Asks: 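Just passing along the structure, written as structure tokens.
Computed from a predicted structure; not experimentally measured. These numbers come from the heavy atoms of this one structure, side chains and all, not from hydrogens, waters or symmetry mates. Proteins get letters first, then strands, A, B, ... in listed order; numbering begins at 1 in each.
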Amino acid sequence: MATDVAVTDQGHGHELDPNLNYLQAGRGVLSWLVTLDHKRIGVMYLISVLTAFFMGGVFALLVRLELLFQGRTIMGPETYNRAFTLHGAIMVFLFIIPSVPAALGNFVLPMMLGAKDVAFPRLNLLSFYIYVVGAIFALYSIISGGVDTGWTFYTPYSTGTNGSVVSMTLGVFILGFSSILTGLNFLVTMHKLRAPGLHWRRMPLFLWGMYATSIMQVLATPVLAITLLLLAVERTFGLGIFDPALGGDPVLFQHFFWFYSHPAVYIMIVPGMAIVSELFATFTRRAIFGYFAVAMSSLGLALLGFIVWGHHMFTSGQSEFATMAFSALTMLVAIPSGVKVFNWTATLYKGSIWLTTPMLYALAFLVQFTIGGLTGLFCGTLSVDIHLHDTYFIVAHFHYVMMGGTVFGFLGGLLYWWPKITGKLYDERLAKVSWFFVFVGFNATFLVQFIMGSQGMPRRYFDYLPEFGRYHAFSTVGSWILGLGFLIMAWVLVKSLRSGPPSPPNPWGSAGYEWQSASPPIVLNFPEVPTITRGPYDYHLATEEELFDGFPEDRAKK
Amino acid sequence: MNPTEPTIQLPGGWSTLSPSVDWTYYFIYWMSVVLFVGIIGAALYFVWKYERSKHPKSEPTGHNLPLEVGWTVAPVIFLALIFHWGFEQYVSMTSPPADTLDIRVRGRKWSWDFEYPNGGHSPELHVPVGRAVRLLISSEDVLHAFFIPVFRVKRDAVPGMYGTLWFRATRTGRAPFYCAEYCGAAGNTPAQDGSYAGHFNMRGEITIQTMQEYLTFEESLLGPHPGESTADWGQRMYRENQCFTCHSTDGTRMAGPSWRGLFGRQERMSDGNGVTVEENYLRQSILDPSARVVEGFQPVMPTYRGTLNDRQIDAIIAYIRTLH
Amino acid sequence: MSAAPALPRRGAVPDAVLGMALFLFTEVMLFAGLLSAYLVLRGKVATWPPPGQPRLPVLVTLGNTLVLLASGYVARRARREPSPARWLRGALALGGLFLAVQGAEWLGLVAHGLDARTSLYASTFYVLVGAHAAHVTAAVAALAWGARALERGRLSRGALEALVLYWTFCVAVWPPLYALVYLW
């Protein structure tokens with residue numbers, strides 16, 4: 001046991017004063033690049049995923065701009081195909097999947113546990129560098145000609161087309177390893193490093209979400225790994241696993257791809273839900289209604305995530321029995337999703353609701369995830385999905401879940417933990433303005449796409465029939481509002497870094513464990529090992545003033 | 001069963017199956033509207049009522065088992081219902097009646113070819129109203145999907161596999177069909193008429209007509225139109241088979257050699273031999289395109305064996321001869 | 001590190017072993033995926049192996065399987081022996097022998113015309129057995145590193161357990177692969 005502890009402590013710098021805040025302990029770029037501190041690794045991830053988000057966003061705006069008018073607007077069809085492929089691949093693999101777990105989760109998870117770090121700090125740094133290497137492969141493929149397969153890499157198109165498909169698939173393959181190692185690290189950390197008194201029933205819901213996510217990362221990602229590896233081998237050496245000319249099966253690729261990518265959808269949305277649970281608790285000043293049900297619904301989604309992949313393939317020619325089974329199982333997804341939505345709504349009841357910007361993001365999440373979830377019913381119903389499959393309805397549906405859900409949750413979480421991460425407050429008023437534009441812009445962009453899709457507009461189209469013109473124009477204008485919102489948001493963050501007032505330890509008056517530390521936290525997170533004697537949402541144990549100054553029972557322990 | 005008019009959400013429903021699909025669609029839609037208004041209405045009301053200036057101290061309500069069990073179980077009834085309808089309709093979509101009129105649909109980058117029961121080919125899809133039509137769909141290269149919104153049907157075209165879909169149209173008229181599975185594009189350079197080729201252009205219009213009109217159309221596929229010269233017929237073949245995607249007629253270099261001045265020209269092949277372009281070379285280039293490829297071009301052309309018959313090939317050669 | 005006393009860690013299982021056990025779930029999914037692809041593709045063909053393809057060396061590989069199993073046994077013994085490094089080296093040698101025989105077998109098959117580019121039979125063989133070989137290669141390298149670290153007294157108990165666990169997986173996954181690819 002003693003050796004384990006020594007390993008954990010290395011790289012937090014024996015030479016450094018562990019009571020310094022983590023930003024000041026160790027200076028210079030090198031002290032960041034070789035850090036084993038989960039908080040610094042989290043910040044490095046954060047910078048990386050925000051960069052990826054910016055790139056993916058630029059591609060999205062270009063795609064929308066091209067669709068503003070019929071015919072060619074700013075680019076030719078081949079460029080357009082590359083643009084939407086890169087938008088999808090970057091957003092999914094470089095931004096959304098690592099956004100909450102690797103960036104925010106790395107920072108917050110050990111602090112919520114009352115731990116000094118994750119179980120394997122070196123492995124944590126290694127996953128970051130694996131992420132960087134994967135990102136370099138992906139960037140290389142963009143520079144060396146791009147990829148035009150769509151983020152789904154369907155064979156046989158992907159084995160025959162020009163462009164840097166191999167470097168992109170290898171990049172995604174490598175990124176998968178980073179994701180697996182992060183998940184594994186988190187699971188061991190949650191099992192082994194909980195502070196005394198932090199039993200499972202006291203785990204913050206964010207951690208339950210991370211737990212479910214990590215299970216999916218560990219179990220689903222290897223299947224993507226072999227799928228992409230087989231694709232790369234098929235392209236490079238001419239093997240025929242997916243090639244019908246050699247007896248291979250292109251539909252098998254789809255099965256494999258979705259066996260990963262459907263859980264991946266939940267790897268993306270469950271962390272968003274996890275953040276929103278924290279936001280609802282903090283800003284309603286009460287425990288989440290039905291804590292246990294919300295925690296278990298995350299695990300339920302993780303489980304269901306593995307057995308519904310075939311609903312992406314209702315028109316592909318899989319057997320009718322499989323189609324029926326996948327449709328029935330898909331319906332079940334509505335149950336844990338519904339449980340979450342109902343419980344969040346009930347949490348507002350008799351709360352004391354503080355409408356901060358993070359809370360506005362959480363409420364927007366509630367609205368948009370409800371739309372995303374309900375439209376999922378259309379897609380899960382066989383006969384209706386036959387009509388809607390591969391149309392803009394699907395595009396709108398998954399953007400409502402991925403962007404309206406996960407990205408809104410991520411942004412809410414980013415602002416919520418921003419004072420903890422940076423030690424600085426941000427301009428709440430300007431942040432609310434940016435929220436307004438993001439909210440209006442997002443809905444303007446995507447709500448209209450449901451109508452386009454149900455009217456029959458297929459996705460991934462460079463051009464369209466005249467009757468869809470007004471919808472496309474509306475959607476493109478919406479994307480500009482959205483872009484403007486993000487610009488303001490970026491300004492809010494930059495302004496906070498440059499001239500934001502210093503943040504008190506607990507600016508939101510949250511009862512969460514991670515807030516019972518300095519802002520920014522010290523290197524070892526807490527001056528001494530915390531002993532947990534209350535739940536993370538026990539707001540009834542303190543007055544509003546005590547929430548900001550420290551819980552009576554937390555102070556009594558000192 | 002009567003055809004339905006288009007609404008803001010759905011295009012007109014023109015098949016015997018579409019009314020029931022639309023019914024399920026609207027059932028889910030109205031159920032969603034009620035749920036959405038209920039949930040978000042309650043949330044907004046709570047936000048307004050319990051905003052912290054009005055309600056400074058929260059009152060935790062713990063949990064309420066009957067309520068939680070209720071909202072976990074109640075949706076199951078609706079879910080079972082819509083699953084059942086969806087599956088039932090899916091089964092009728094995938095079970096064509098015995099006496100269908102069968103049309104072969106072949107997808108290739110980036111056009112569809114329809115082969116009618118009499119062996120005639122056309123890039124146009126015509127079907128008779130009131131008769132069950134079965135499409136037997138396959139692909140010659142990558143994945144495509146055949147999608148007819150007004151019939152609410154869609155099926156992937158998978159290389160090495162047949163997919164089927166069927167419908168019985170309930171009215172005459174014209175309506176769009178699309179390729180719904182992404183299949184790439186021909187590059188960033190437009191064809192001579194300014195159009196681009198790609199996934200987004202792998203679409204057209206289905207013509208639903210009376211049986212009499214349909215039979216006339218089917219018959220016409222086997223030869224030139226009345227009064228049409230052989231060269232004009234060849235020009236129509238050029239258009240209908242979308243040869244213009246790769247071959248210009250004005251000398252512009254595209255993916256394949258331009259047809260202007262092609263006949264009688266000396267060409268160097270990629271194996272170094274020289275060839276004078278004449279009937280036999282053209283015929284071979286149409287049926288077995290990669291056998292002898294002109295130097296500087298890639299062997300990317302698909303074969304038209306089985307797509308074009310001898311008379312049609314003669315017509316195309318006659319057309320090429322007119323392009324000096 | 002007196003300023004911040006170490007956190008007590010929960011449970012009796014060392015972190016490294018728990019981490020490795022979770023990683024093995026990843027590995028199991030990987031091989032399960034490959035095997036299911038193999039079964040699906042094979043299920044589509046009437047005769048397997050297809051006529052005209054070279055037969056796989058069943059007997060030699062059976063012997064090689066025994067070598068690998070022996071290596072697994074030796075590695076597991078290392079956990080209980082007073083000089084674990086020597087036992088690890090033994091396991092390492094047997095693992096190396098397994099790889100060498102596999103390599104020779106591959107060269108022979110390539111020479112006999114088992115070409116991955118022309119037949120699905122060959123593709124699936126090379127992919128499945130190759131994936132296993134890649135894992136064994138990595139594990140053998142890890143064993144070599146572990147034996148060295150042990151000799152220098154720099155390998156914790158937990159790390160040794162984790163290493164042996166990984167090698168056990170590489171050994172245990174082989175017999176089912178052998179049965180499905182060579183025997184069936």
Asks: With respect to chain B, which residue among A:A334, A:P458, A:P77 yields the maximal number of heavy-atom pairs within a distance under 4.5 Å?
Replies: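 Most heavy-atom pairs under 4.5 Å with chain B: A:P77.
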
Asks: Heavy-atom pairs under 4.5 Å with chain B are the metric here; pick the option from A:H540, A:M359, A:E320, A:M457 that has the most.
Replies: A:E320

Asks: Which one of A:G373, A:G456, A:G351, A:P244 has the most heavy-atom pairs closer than 4.5 Å to chain B?
Replies: A:G351

Asks: When only pairs under 4.5 Å are counted, which of B:Y50, B:F46, B:W85 shares the most heavy-atom pairs with chain A?
Replies: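 Most pairs with chain A among the choices: B:Y50.
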
Asks: Heavy-atom distance under 4.5 Å to chain A: side chain of B:I40, backbone, both or neither?
Replies: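 Answer is side chain: those atoms of B:I40 sit under 4.5 Å from chain A.
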
Asks: Can you pull out every salt bridge (Lys or Arg N to Asp or Glu O under 4.0 Å) where at least one residue sits in residues 17-35 of chain B? Sequence neighbours excluded, please.
Replies: B:D22-B:R152

Asks: Determine the interplanar angle of the A:F314 and A:H311 rings, folded into 0 to 90°, and report it as parallel if under 30°, tilted if 30 to 60°, perpendicular if over 60°.
Replies: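 Rings of A:F314 and A:H311: perpendicular, over 60°.
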
Asks: Using the rule ring-ring contact (aromatic ring centres under 6.0 Å, His included), only one of B:F147, B:F146, B:W14 pairs with B:F177; which is it?
Replies: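 With B:F177 as partner, B:F147, B:F146, B:W14 yield a single ring-ring contact (aromatic ring centres under 6.0 Å, His included), made by B:F146.
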
Asks: Output the option from B:Y29, B:F87, B:W71 having the highest count of non-hydrogen pairs under 4.5 Å with chain A.
Replies: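 Result: the option with the highest number of such pairs is B:W71.
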
Asks: Between A:Y349 and chain B, with a heavy-atom cut-off of 4.5 Å, which part of the residue counts as in contact: side chain, backbone, both or neither?
Replies: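 Both parts, heavy atoms under 4.5 Å.
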
Asks: Checking heavy atoms, do the side chain of B:A43, its backbone, both or neither come under 4.5 Å from chain A?
Replies: both

Asks: Side chain from CB out, backbone as N, CA, C, O: work out which of these in A:F393 comes under 4.5 Å of a heavy atom of chain B, or both, or neither.
Replies: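 The side chain, not the backbone.
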
Asks: Side chain, backbone, both or neither: which part of B:V47 has a heavy atom under 4.5 Å from chain A?
Replies: both

Asks: Is A:T323 in contact with chain B via its backbone, its side chain, both, or neither, using a 4.5 Å heavy-atom distance?
Replies: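 Side chain of A:T323 only, per the 4.5 Å heavy-atom cut-off to chain B.
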
Asks: At a heavy-atom distance under 4.5 Å, which candidate from A:M75, A:H389, A:E467, A:R459 has the highest pair count against chain B?
Replies: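 Heavy-atom pair counts peak at A:H389.
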
Asks: Under 4.5 Å from any heavy atom of chain A, what part of B:D141 do you find: side chain, backbone, both or neither?
Replies: backbone

Asks: Sort A:T330 into side chain, backbone, both or neither according to what part of it lies under 4.5 angstrom from a heavy atom of chain B.
Replies: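 No part of it gets close to chain B.
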
Asks: Using heavy-atom distances under 4.5 Å, tell me whether B:P176 contacts chain A through its side chain, its backbone, both, or neither.
Replies: side chain

Asks: Measure distances from B:E88 to the heavy atoms of chain A and classify the residue's part below 4.5 Å as side chain, backbone, both or neither.
Replies: neither

Asks: Of the backbone (N, CA, C, O) and the side chain (C-beta and beyond), which part of A:F253 lies under 4.5 Å from a heavy atom of chain B, both, or neither?
Replies: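 Neither part.
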
Asks: Going by the angle between their ring planes, with limits at 30° and 60°, are B:W23 and B:F27 parallel, tilted or perpendicular?
Replies: parallel

Asks: Pick whichever of B:G160, B:S53, B:A186, B:A180 has the most heavy-atom pairs under 4.5 Å with chain A.
Replies: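 Heavy-atom pair counts peak at B:A180.
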
Asks: Looking at A:W151, A:F153, A:Y157, A:Y154, which one forms a ring-ring contact (aromatic ring centres under 6.0 Å, His included) with B:Y182?
Replies: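 Exactly one candidate clears the test, A:Y157.
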
Asks: Do you know which of B:F200, B:F83, B:Y178, B:F36 has the most heavy-atom pairs under 4.5 Å to chain A?
Replies: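 Winner by heavy-atom pair count: B:F200.
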
Asks: Tell me, out of B:C183, B:G198, B:A42, B:G194, who's got the most heavy-atom pairs with chain A below 4.5 Å.
Replies: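 Of B:C183, B:G198, B:A42, B:G194, B:C183 has the most heavy-atom pairs under 4.5 Å with chain A.
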
Asks: Among A:L332, A:V384, A:T391, which residue forms the greatest number of heavy-atom pairs with chain B at distances under 4.5 Å?
Replies: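 Winner by heavy-atom pair count: A:V384.
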
Asks: Please check if any side-chain donor atom of B:R168 sits under 3.5 Å from a side-chain acceptor atom of B:T16, or the reverse.
Replies: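 No, no side-chain donor-acceptor contact under 3.5 Å.
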
Asks: Could you tell me which portion of B:K49 (side chain, backbone, both or neither) has an atom closer than 4.5 angstrom to a non-hydrogen atom of chain A?
Replies: neither

Asks: Regarding A:D148 and A:T161, is there a side-chain donor-to-acceptor distance under 3.5 Å anywhere?
Replies: yes

Asks: Would you please indicate yes or no on a ring centroid separation below 6.0 angstrom for A:Y461 and B:H199?
Replies: yes

Asks: Is atom OH of B:Y162 surrounded by more than 12 heavy atoms (other residues, nucleotides or ligands) closer than 6.0 Å?
Replies: no

Asks: Sort out for me which of A:A346, A:P250, A:G76 touches chain B most, counting heavy-atom pairs under 4.5 Å.
Replies: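 Among the listed options, the one with the most contacts to chain B is A:G76.
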
Asks: Is the CZ atom of B:F78 crowded by more than 12 outside heavy atoms at less than 6.0 Å?
Replies: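 At most 12 heavy atoms, drawn from other residues, nucleotides or ligands, come within 6.0 Å of this atom.
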
Asks: Can you run down the side-chain hydrogen bond (donor to acceptor under 3.5 Å, both in side chains) pairs that involve residues 379-388 of chain A, sequence neighbours left out, and say none if there aren't any?
Replies: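 The answer is A:S383-B:Q89.
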
Asks: Among B:P159, B:G187, B:P75, B:G163, single out the residue with the greatest number of heavy-atom pairs under 4.5 Å to chain A.
Replies: B:G187

Asks: Determine whether the aromatic ring centres of residues A:Y471 and A:Y464 are separated by less than 6.0 angstrom.
Replies: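 No, too far apart.
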
Asks: So what's closer than 4.5 Å to chain A heavy atoms on B:P56: side chain, backbone, both or neither?
Replies: backbone

Asks: If I take atom CZ from residue B:R104 and atom CG from residue B:L136, how far apart are they, to the nearest 0.5 angstrom?
Replies: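 Between B:R104 CZ and B:L136 CG, I get 5.0 Å after rounding to 0.5 Å.
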
Asks: Do B:Y25 and B:Q9 have a side chain donor and acceptor closer than 3.5 Å?
Replies: yes

Asks: Counting only non-hydrogen atoms closer than 4.5 Å, does B:T7 touch chain A with its backbone (N, CA, C, O), its side chain (CB onward), both, or neither?
Replies: backbone

Asks: Is there a donor-acceptor contact under 3.5 Å linking the side chains of A:S316 and B:R155?
Replies: no

Asks: Could you grab the distance from atom CE of B:M31 to atom CG of B:L79, nearest 0.5 Å is fine?
Replies: 6.5 Å

Asks: Before giving the answer on salt bridge (charged side-chain N to carboxylate O under 4.0 Å, His left out), spell out for A:E544 and A:R285 the whole-Å C-alpha distance, their side-chain angles and the decisive distance to 0.1 Å.
Replies: CA-CA 9 Å; A:E544 188 68 16; A:R285 294 286 189 256; 3.0 Å; yes

Asks: Is B:Y196 in contact with chain A via its backbone, its side chain, both, or neither, using a 4.5 Å heavy-atom distance?
Replies: side chain

Asks: Give, as side chain, backbone, both or neither, the part of B:L44 having an atom under 4.5 angstrom from any heavy atom of chain A.
Replies: neither

Asks: Pick one of side chain, backbone, both or neither for B:F151, based on which atoms fall under 4.5 Å of a heavy atom in chain A.
Replies: neither

Asks: Side chain, backbone, both or neither: which part of A:N343 has an atom under 4.5 Å from a heavy atom of chain B?
Replies: both

Asks: Considering only heavy atoms, which portion of A:T284 lies under 4.5 Å from any heavy atom of chain B: side chain, backbone, both, or neither?
Replies: backbone

Asks: What class does the angle between the rings of B:W48 and B:Y45 fall in, given that below 30° is parallel, 30 to 60° is tilted and above 60° is perpendicular?
Replies: tilted

